[in-house]
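Read the structure below first, then the notes.
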Amino acid sequence: MARGKGPWTHLLLVAVGVVAVAFPAFASGKAASGSDVTYRGRTARIVAAGIVNFARLARVEARGPHATGSLTPSPLPEPQEKPEPQSHITLPSPFQAPLGLLEGGPSVPSPSPAASFLAHADSPRVGTTSSVIPPDTDGAVGRDKLMVTLNNNYVIEQKSDGTVLSTVSMPTFWGPAGALQPFDPKTLYDPYNDRWIVSAVTDPESGSSSILFGISDSSDPSGAWHLYRVDADPADTAWADYPSIGFNKNWVAIHVNMFTNSGNTFTQGRLLVIDYPSLRSFAPGAGLVTGLPSFTTQPAVTYSTGENTLYMVEHLGSASATYRFWTVTAGPPSPVVTIVGGGAKVNPLGPWSIPSGNILPQSGGDGVDGGDSRILNAVFRNGGIYYAQTVGLVGHAAAQWVELNTAGNFVRGGRVNALSGAQSYAYPSISANARGDILLGFSAFSSAGFPSAAYAFHAAGDPASSMRDPVILKAGEGAYVKTFGHGRNRWGDYSHVQVDPSDDTSLWTIQEYAATPLGSGDGAGRWSTWWGKVSGDGGPPPPPPPSFIPPKCVVPNVVGRRLAPAKAKIKAGHCRVGKISYRISSARRKGRVLRERPAAGKRLANGTKVSLWIGRVPRR
């Protein structure tokens, strides 16, 4: 989506706190006005397949050579964007009559986590020095194990305490399917068939660009997997980006955005539809629907054993607050997908701006990239379709959630949004359990702290469209600056929330936070990911997080340095540059620091000014 002229361009929206709007009149389930638009696909050929045993692969990789030396930057392909109009908003505030706030949220914290531990940290891919950004935070929850799938490594953990059981690099996992450069991992757990489903894409900007998918042989992710690769574009002119995956009892659906290999121009959306029963038998039939006017359409993870329709939702316009609602009603060999109502639907929560650029605040470093407003996940549960996305408000970002009915009409929704605008919430994901509780996970950003993992909870008995106050799941440990010189301080690109299949009521989330930096400056930032389990039993709220204590100013030794690097080193030491004076010096010391005050090594209050004396030669 095209970047606006500024971080919060042209937004005239009223900023509110944790807000919500419910529209019971829209919940009837009647079909929308307008004619449906239907697209049909044809058989897709699987060009490669492979079988791996995860635990065995991990043992082989662990015995292999271990690369040493400094980290090698490995930025993953950025989520490509298509132009989105960012016009002046002249509509009245959506929070005035007749769209007034029908219900307010309870001013109580969300419940504390029942479990909380590390998922996987920022570390090189196994056997390499390759350091990736971003992690593409994702993972799934099984009966007794957790599976973390990130752009660096795939990790299997003990569900009870997070003990790491085995680790495999992402390229090694997908190698048997013929993937050369896999990225954008997605993982789901099907509680009805007790299988793990994985997806990714590979080989960006290449004629070999492909869609990857696979399924575990059993409920144990440490065992065998069947993996498959489908050519994204047999004409070899476009490549597939940003897979979105969902399933129901009939099909697994993977949507991708297609961009030209030369110039990265958006061309169309494509949907790979896989016959699910045949996939579980390791003889999958697949169909590909091409030429779709869709961008990052998100198929729903379907929590139902009887639902025959696979629902999908797509963000359309921020300034217009619009979305499109899709259905899959037939699978291979000739899949059928439909835009319900034929066009855009309006989200009555009202317009927002595109949260693009490094606009998410943090202490001690540049801002963090806000991404855009694409829908990041969707689930079908209890007759509704829930989805989550990041929205830009006045000077900050909020995590927006929505519930639709099966006709695609708005039922309820809201925004986790700091009333003061001092905090931003981004990269959200959502799920609902059997009794109607909802968990919204996201990352939290503030100029008074470091990027943190967080969530907000809605209990089934709470006011229908409310969300309880956010809770920090894992506080950030330092400033995150890791651009590898590419400009965007990337985060995300997404996160995940899932219902625990063991009880169908507990909700798990995997979220990103900033770990302790290694060194200083660009590239020193370290992301990390964290698991949290929320039981939803109405337990006491957690204790408040410790107050943010600004780091001390440790005066660095900059004598002999030129002015620009001296300034950068002073800033990295959490100090400020004070008065700059010039003194006559030798030609050799011209432009270099002759003296500094306070003296190097002193530990002083955050932001203490450091005065500098710079050398200059006499004027002739």
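Just so we're clear, the structure is a prediction, and the values are computed from it rather than from any experiment.
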- Message: Side chains of Asp275 and Ser278: any donor to acceptor distance under 3.5 Å?
- Response: yes
- Note on the structure: Taking every heavy atom of Pro243 against every heavy atom of Val201, the minimum-distance pair comes out as CD-CG2, 3.7 Å
- Query: Can you say whether the rings of Phe295 and Phe259 are parallel (under 30°), tilted (30 to 60°) or perpendicular (over 60°)?
  - Reply: perpendicular
- When you check the side-chain N and O atoms of Thr338 and Thr38, is any donor under 3.5 Å from an acceptor? yes
- Test item: side-chain donor near acceptor, Asn250 and Asn308, under 3.5 Å: yes
- Query: Can you find a heavy atom in the side chain of Pro451 that is under 4.5 Å from one in the side chain of Glu512?
  - Reply: no
- Mind checking the CD-CG spacing from Gln511 to Leu473? Nearest 0.5 Å is all I need. 7.5 Å
- Message: Tell me which one of Phe247, Phe380, Tyr303 satisfies ring-ring contact (aromatic ring centres under 6.0 Å, His included) with Tyr311.
- Response: Phe380
- Let me know which of Ile197, Leu227, Leu272, Ile245 forms a side chain to side chain contact (heavy atoms under 4.5 Å, CB included) with Phe213. Leu272
- Query: What pair of heavy atoms forms the shortest contact from Leu212 to Ser199, and how long is it?
  - Reply: O-OG, 3.0 Å
- Query: Counting distance only, does the side-chain N/O of Asn433 pair as donor-acceptor with the main-chain N or O of Thr505 below 3.5 Å?
  - Reply: yes
- Out of curiosity, Asp233 CG to Ser208 OG, how far, rounded to the nearest 0.5 Å? 11.5 Å
- Looking at CE of Met147 and CD1 of Ile510, how far apart are the two atoms once the value is rounded to the nearest 0.5 Å? 11.5 Å
- Message: For a 4.5 angstrom cut-off between non-hydrogen side-chain atoms, does Val198 reach Trp174?
- Response: yes
- Decide yes or no on side chain to side chain donor-acceptor pair (under 3.5 Å) for Ser495 and Thr137, but give the supporting numbers first. CA-CA 5 Å; Ser495 64; Thr137 305; over 6 Å; no
- Parallel, tilted or perpendicular, as decided by the 30° and 60° cut-offs, for the rings of Tyr494 and Tyr242: perpendicular
- Message: I'd like to check Ile254 versus Lys186 (side-chain heavy atoms, cut-off strictly below 4.5 Å). Are they in contact?
- Response: no
- Query: Is the closest side-chain donor-acceptor distance between Tyr513 and Ser528 under 3.5 Å?
  - Reply: yes
- Message: Less than 4.5 Å apart, side chain to side chain, heavy atoms only: is that true for Val141 and Lys533?
- Response: no
- Item | Point-to-point distance, once rounded to the nearest 0.5 Å, from OG of Ser209 to CG of Asn261 | 7.0 Å
- Task: Check the pair Tyr192 / Lys249 against side-chain contact (heavy atoms from CB on, under 4.5 Å), numbers first and verdict last.
- Result: CA-CA 9 Å; Tyr192 307 109; Lys249 70 186 186 70; over 6 Å; no
- Query: Considering the options Asp241, Thr296, Thr297, which one meets the side chain to side chain donor-acceptor pair (under 3.5 Å) requirement together with Asn257?
  - Reply: Thr296
- Message: Is it the case that the side chain of Thr390 and the backbone of Ala426 share a donor-acceptor pair, with hydrogens and angles ignored and the cut-off at 3.5 Å?
- Response: no
- Do you know which two heavy atoms are closest between Asp136 and Asp184, and how far apart they sit? OD2-OD1, 2.8 Å
- Is it true that the side chains of Ser219 and Arg143 contain a donor and an acceptor less than 3.5 Å apart? no
- Could you verify whether a donor N or O on one side chain and an acceptor N or O on the other, from Glu314 and Ser294, lie under 3.5 Å apart? no
- Task: Find out whether Thr509 and Val497 are in side-chain contact, i.e. whether some heavy atom of one side chain is under 4.5 Å from a heavy atom of the other.
- Result: yes
- Query: Would you find a donor on one side and an acceptor on the other, under 3.5 Å apart, between the side chain of Ser116 and the backbone of Gly532?
  - Reply: no
- Counting N and O atoms only, with roles assigned by atom type, does the side chain of Ser218 sit under 3.5 Å from a partner on the main chain of Asp220, one being a donor and the other an acceptor? yes
- Item | Thr163 versus Asp161, side-chain donor and acceptor atoms under 3.5 Å | yes
- Task: Compare every heavy atom of Lys145 with every heavy atom of Lys159, then report the nearest pair and how far apart it is.
- Result: CB-N, 3.8 Å
- May I ask you to decide if the ring planes of Trp239 and Phe183 are parallel, tilted or perpendicular, using 30° and 60° as cut-offs? tilted
- Worked check of side-chain contact (heavy atoms from CB on, under 4.5 Å) between Thr267 and Thr260: CA-CA 7 Å; Thr267 62; Thr260 57; 3.5 Å; yes
- Does any non-hydrogen side-chain atom of Asn264 lie less than 4.5 Å from one of Glu205? yes
- Using modelled atom types only, decide if a donor and an acceptor are shared between the side chain of Asp36 and the backbone of Val340 within a distance under 3.5 Å. no
- How close do Pro293 and Ile339 get, heavy atom to heavy atom, and via which atoms? CG-CD1, 4.2 Å
- Test side-chain contact (heavy atoms from CB on, under 4.5 Å) applied to Val155 and Val164, step by step: CA-CA 7 Å; Val155 182; Val164 174; 3.9 Å; yes
- Task: Evaluate the side-chain contact (heavy atoms from CB on, under 4.5 Å) criterion for residues Arg195 and Leu279: first the C-alpha distance (whole Å), next the side-chain angles of each, then the deciding distance (0.1 Å), finally the verdict.
- Result: CA-CA 11 Å; Arg195 298 291 186 91; Leu279 175 61; over 6 Å; no
- Message: Please determine whether the number of non-hydrogen atoms from other residues, nucleotides or ligands lying under 6.0 Å from atom CZ of Arg40 exceeds 12.
- Response: no
- Task: Quick one: pull up CH2 in Trp225 and CG in Asp217 and give me the separation to the nearest 0.5 Å.
- Result: 9.5 Å
- Heavy-atom nearest pair, Ala232 first then Met258, reads O-CE, 3.8 Å
- Message: Rounded to the nearest 0.5 Å, what separates atom CD1 in Ile385 from atom CD in Gln298?
- Response: 12.5 Å
- Query: After noting the C-alpha distance and the side-chain angles of Thr72 and Thr129, does the key distance pass the side chain to side chain donor-acceptor pair (under 3.5 Å) rule?
  - Reply: CA-CA 5 Å; Thr72 304; Thr129 60; 2.8 Å; yes
- Check whether the ring centres of Tyr276 and Trp251 lie less than 6.0 Å apart, and answer yes or no. no
- Message: Applying the ring-ring contact (aromatic ring centres under 6.0 Å, His included) criterion to Phe442, which one of Trp401, Tyr425, Trp491 satisfies it?
- Response: Tyr425
- Within-4.5 Å side-chain heavy-atom neighbours: Leu292 and Leu271: yes
- Is it true that a side-chain atom of Asp203 and a backbone atom of Ser206 form a donor plus acceptor pair closer than 3.5 Å? no
- Message: With a 3.5 Å distance limit and no angle check, can you tell me whether Gln389 reaches the backbone of Ser373 through a side-chain donor-acceptor pair?
- Response: yes
- Would you confirm whether Arg125, through its side chain, and Ser130, through its main-chain N or O, come within 3.5 Å as a donor-acceptor pair? no
- Message: I'd like to know if the side chain of Ser169 and the backbone of Val126 have a donor-acceptor N/O pair within less than 3.5 Å.
- Response: no
- Query: Does Trp527 use its side chain to pair, donor to acceptor, with the backbone of Tyr480 at less than 3.5 Å?
  - Reply: no
- How about Thr483 and Asp522: does a side-chain donor come under 3.5 Å of a side-chain acceptor? yes
- salt bridge (charged side-chain N to carboxylate O under 4.0 Å, His left out) assessment of Arg374 paired with Asp493: CA-CA 11 Å; Arg374 68 185 70 198; Asp493 288 318; over 6 Å; no
- Task: Taking the side chain as every heavy atom from C-beta outward, state whether Pro299 and Ser244 have any atom pair closer than 4.5 Å.
- Result: yes
